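Scroll down for the structure; my scribbles are underneath it.
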Amino acid sequence: MADSEDAPPPQQRKIIHIDMDAFYASVEQRDDPSLRGRPVAVGGSRARGVVAAASYEARTFGVRSAMPSVTALRRCPDLVFVPPRFDVYGAISQQIRAIFADYTDQIEPLSLDEAYLDVTEDRHNLGSAKAIAEQIRARIKTETRLTASAGVSYNKFIAKLASDQNKPDGICVIPPARGAAFVASLPVKRFHGVGPVTATRMAALGIETGADLLEQPLAFLHAHFGSYADYLYGAARGIDHRPVRSNRATKSVGAERTFESDIASPADLHAALDRVAEAALVRIERHGVRGRTVTLKLRFSDFRTITRARSLSRGAFDRESFIAGGRELLDAQLPVPLGVRLLGLTLSGIHDGEEATEQATLPL
């Protein structure tokens, strides 16, 4: 967070992070009254299927997005699976984005169901960023019959944390005077960019809350987290000078999984690849993107990491070609010389025809 691009802004920003509540599942429950009040998972119910989204009723059983469907069913035997309708979700997302555009031109979508808005300029003289967020939420509910939660703060990092604070259908406002204390009170696993693997590494170092992170000197963070240290150091202090970027193109979208135990057999690796591919496809559809390059990532038991890529035939993207591309890349590496501790699959060479945000590969 220390490069020239992220120099302190000339004025205090007013940032809103809008996050739709259980978006895919809520759309299905809206459109099919028989699903209301029931635990619903959007995704495939087959053995290698992945949950794309879960209703709040399902979440009470521990069902989460990116979870293997078989695991979700074990946790909630009454779970109802509904196939995704990404064309419908995309159309609703455009409807919501049109609402955003009434209030600001500075919109940074993160996916179909969430976005940052810079409302430093009060276009409609509503008096505060909170008032703008409340009006946006009310319009979303009226025009789509869906609910959204909002975080309002002076930077993107805290606004995103705040939007999750009072879900569902809630709002949380964190002014500058409360920013650092708010961050200190939260577990680091809630920080955007801190996935399960990083959170486990932090816990091993005695870092479990924002307050714990605040105590660590920058040199210590650099020693353990490399270039990520600057971000963590600033985040612990409630500092984030990143602007809302309405024109940042997506570079790649994918998923990866770190295994509890190294795997080496071709059958186990193929099964793992299929699960990771399903999770990656959910994120690809959520971002509404298409691309032309599939990249396989393997990290072996000695921590050596390799990546292998191939272009899709005729540059066309579809579900089958993405999975087939990943399998071809994996087959070329078999048999593996050592056990595999991490496997990832991403799509790059992105083209989406509209504004999108840069999206790093996300852990499962």
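Note that the coordinates shown come from a computational prediction; the quantities given were computed from them, not determined experimentally. Residues take their numbers from the sequence shown, with the count starting at 1.
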Q. Tell me, which pairs form a salt bridge (Lys or Arg N to Asp or Glu O under 4.0 Å) where one or both residues lie in residues 73-96, sequence neighbours left out?
A. Glu28-Arg85, Asp31-Arg85
Looking at [Y] and [X], is any side-chain nitrogen of the basic one under 4.0 Å from a carboxylate oxygen of the acidic one?
X: Arg319; Y: Glu285; answer: no
X: Glu278; Y: Arg275; answer: no
X: Glu256; Y: Lys297; answer: yes
X: Asp122; Y: Lys14; answer: no
X: Asp105; Y: Arg123; answer: yes

Which pairs of donor and acceptor atoms, one on a side chain in residues 178-188, lie under 3.5 Å apart (sequence neighbours left out)?
residue, atom, partner, partner atom, Å
Arg178, NH1, Val173, O, 3.2
Ser185, OG, Phe182, O, 2.7

(Q) So, using salt bridge (Lys or Arg N to Asp or Glu O under 4.0 Å) as the criterion, who are the partners of Asp118 when residues are at least two apart? (A) none
Q: Give a yes or no on whether Lys189 atom NZ has more than 12 heavy-atom contacts from other residues, nucleotides or ligands under 6.0 Å away.
A: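 No, not enclosed.
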I'd like to check [X] versus [Y] (side-chain heavy atoms, cut-off strictly below 4.5 Å). Are they in contact?
X: Leu334; Y: His270; answer: yes
X: Gln95; Y: Ile140; answer: no
X: Pro175; Y: Tyr154; answer: no
X: Phe225; Y: Tyr231; answer: no

Q) So, Ser26 versus Asp21: side-chain donor-acceptor pair below 3.5 Å or not? A)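 No donor-acceptor contact under 3.5 Å links the two side chains.
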Q.
Is it true that His17 and Asp164 share a donor-acceptor pair across their side chains at a distance under 3.5 Å?
A.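 Judged by distance alone, the side chains do not pair up.
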Q: Establish whether Ile284 and Met67 are linked, either directly or via other cluster members, by ILVMFWY side-chain heavy-atom contacts under 4.5 Å.
A: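 Ile284 and Met67: separate clusters.
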(Q) Quick check on the hydrophobic clustering: are Ile96 and Val42 connected, directly or via other members, by side-chain heavy-atom contacts under 4.5 Å? (A) yes
Roughly how far, to the nearest 0.5 Å, is the [atom2] atom of [Y] from the [atom1] atom of [X]?
X: Thr104; Y: Ile136; atom1: OG1; atom2: CD1; answer: 8.5 Å
X: Leu112; Y: Tyr89; atom1: CG; atom2: OH; answer: 10.5 Å
X: Leu281; Y: Ile323; atom1: CG; atom2: CD1; answer: 5.5 Å
X: Gln29; Y: Arg36; atom1: CD; atom2: CZ; answer: 8.5 Å
X: Leu35; Y: Arg38; atom1: CG; atom2: CZ; answer: 6.0 Å

Q: Answer yes or no on whether Arg59 is positioned over the face of Tyr56, meaning its NZ or CZ is under 6.0 Å from the six-membered ring centre and within 45° of the axis.
A: yes
Q. For Tyr233, is the NZ or CZ atom of Arg237 found under 6.0 angstrom from the centre of its six-membered ring and inside 45 degrees of the ring axis?
A.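 The answer is yes; both the distance and angle limits are met.
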Q) Would you say the side-chain atoms of Tyr228 pair up with the backbone N or O of Leu221, donor to acceptor, closer than 3.5 Å? A)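 It does not hold such a pair.
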Q | Donor-acceptor under 3.5 Å (Arg341 side chain, Thr258 main chain) | A |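 It does not hold such a pair.
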Q: Apply side-chain hydrogen bond (donor to acceptor under 3.5 Å, both in side chains) to the pair Asp19 and Ser163, showing each step before the final yes or no.
A: CA-CA 7 Å; Asp19 192 6; Ser163 68; 4.7 Å; no
